Amino acid sequence: MQTPDPAPPNPPAGPPGAPFDFDAERWLIERLRAGDEAAFDQVVRANGGRLLATARRMLRSEEEARDAVQEAFLQAFRGLGGFQGEARLSTWLGRILVNGCLVRLRSRRRRPEIAIEDCLPRFLEDGHRADPGPGWDPSAITALESAQTRAFVRDQIDRLPEDYRNVLLLRDIQDLDTEETATILGISAGATKVRLHRARQALRALLDPHFTAFTAGDA
């Protein structure tokens, strides 16, 4: 098997904000395709922590998160022959992991989903909301920072229909951009934006009773 030309074992990534070193990444990919175990270790060390954090946020299970990361690396390494370098290696790994997490989430036994239309706001003919409801005061917003409240919010996200839940997870939990989210979900950027807007509106409707009660009780 042909071995890539010698190069430094760990090409420096450069300081934050420095231009990405495409030559170093191409050389790393050549090493991976040649079966270089040191290259595999380098990729795992460089990306494992970030991928594990992503899996933890999506799956909320340490065991499942670690399994998902391991599966993502295995899938990536087996599929290196089809990797054309259209994205950075780290981005490609992230997409594989997120897709794997979405499959795991779909396979879970979920609570009954709500109808998205039941949570969307209604508007009058003049364009104003028919049911604006009370706003959240600063104490309610501060409560969002607590672990207990974050868990409650994720429980409400889980109630959304899958199409809306997934786009909300990718855009607002994983901080992926619109184009990357659209690619992972196999829909257009326009459809991604529409689903995200509706998902955010529905989630706000689900959270309103909780935070309205919180504000009233805090008064």
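What you see is a predicted model; the values in this text were computed from it and never measured. Below, all heavy atoms of this structure are taken into account, side chains as well, without hydrogens, waters or symmetry copies.
With rounding to the nearest 0.5 angstrom, the CZ atom of Arg200 is 10.0 Å from the CG atom of Leu203. Atom OG1 of Thr192 is separated from atom CD1 of Ile184 by 10.0 Å, given to the nearest 0.5 angstrom. Taken from CG in Leu74 to CZ in Arg78, the straight-line distance is 5.0 Å, to the nearest 0.5 Å. For the atom pair CG (Leu28) and CD (Gln42), the distance works out to 5.0 Å, reported to the nearest 0.5 Å. Rounding to the nearest 0.5 Å places CG of Leu59 at 13.0 Å from CZ of Arg66. Here the CG atom belonging to Asp163 is positioned 7.5 Å from the CD1 atom belonging to Ile187, to the nearest 0.5 angstrom.
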| said: If you apply the rule side-chain contact (heavy atoms from CB on, under 4.5 Å), what do you find for Leu102 with Glu162, and how did you get there? | reply: CA-CA 10 Å; Leu102 291 177; Glu162 181 179 318; over 6 Å; no
side-chain contact (heavy atoms from CB on, under 4.5 Å) between Arg31 and Phe40, intermediate numbers included
CA-CA 8 Å; Arg31 291 171 58 201; Phe40 287 103; over 6 Å; no
- Determine, stepwise, if the pair Leu105 / Asp158 fulfils side-chain contact (heavy atoms from CB on, under 4.5 Å). CA-CA 10 Å; Leu105 289 171; Asp158 285 349; 5.8 Å; no
task: Output, in order, the C-alpha distance, side-chain angles, deciding distance and verdict of side-chain contact (heavy atoms from CB on, under 4.5 Å) for Asp67 and Arg104.
output: CA-CA 11 Å; Asp67 287 346; Arg104 286 173 176 268; 3.5 Å; yes
Taking it one step at a time, do Arg171 and Asp177 satisfy salt bridge (charged side-chain N to carboxylate O under 4.0 Å, His left out)? CA-CA 6 Å; Arg171 287 287 282 110; Asp177 61 31; over 6 Å; no
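For the residue pair Gln156 and Arg159, a side-chain donor N or O sits within less than 3.5 Å of a side-chain acceptor on the partner.
Taking each heavy atom of Arg198 and Tyr164 in turn, the nearest pair found is NE-OH, 3.3 Å. The shortest heavy-atom contact between Ser90 and Asn47 is CB-OD1, 3.3 Å. Contact record, Val98 with Leu170: CG1-CD2, 3.0 Å, taken as the closest heavy-atom pair. For the residue pair Leu160 and Ala202, the shortest heavy atom distance occurs at CD2-CB, 3.8 Å. Contact detail for Ala65 and Arg56: the closest heavy-atom pair is CB-N, 3.7 Å. Closest of all the heavy-atom pairs between Val44 and Phe73 is CA-CZ, 3.8 Å.
No side-chain heavy atom of Asn166 sits under 4.5 Å from any side-chain heavy atom of Thr181. Here the side chains of Asp155 and Arg60 are in contact, with some heavy-atom distance below 4.5 Å. For the pair Arg154/Leu169, a side-chain contact is recorded, criterion being any heavy-atom separation below 4.5 Å from C-beta on.
Comment: Arg57 does not engage Asp175 in a salt bridge, judged by the lack of any side-chain N to carboxylate O separation of less than 4.0 angstrom. A salt bridge is absent between Glu30 and Arg26: the closest approach of a Lys/Arg side-chain nitrogen to an acidic carboxylate oxygen does not fall below 4.0 angstrom.
In this structure a side-chain-to-backbone donor-acceptor pair under 3.5 Å is missing from Asp172 to Leu168. At distances below 3.5 Å, not a single donor-acceptor pair connects side-chain atoms of Arg106 with backbone N or O atoms of Cys101. Side chain of Arg33 to backbone of Leu80: a donor-acceptor contact under 3.5 angstrom is found.
In Gln70, the CD atom is not crowded: 12 or fewer heavy atoms of neighbouring residues, nucleotides or ligands sit closer than 6.0 Å.
Linking Ile, Leu, Val, Met, Phe, Trp and Tyr whenever their side-chain heavy atoms come within less than 4.5 Å puts Leu196 and Ile173 in one cluster.
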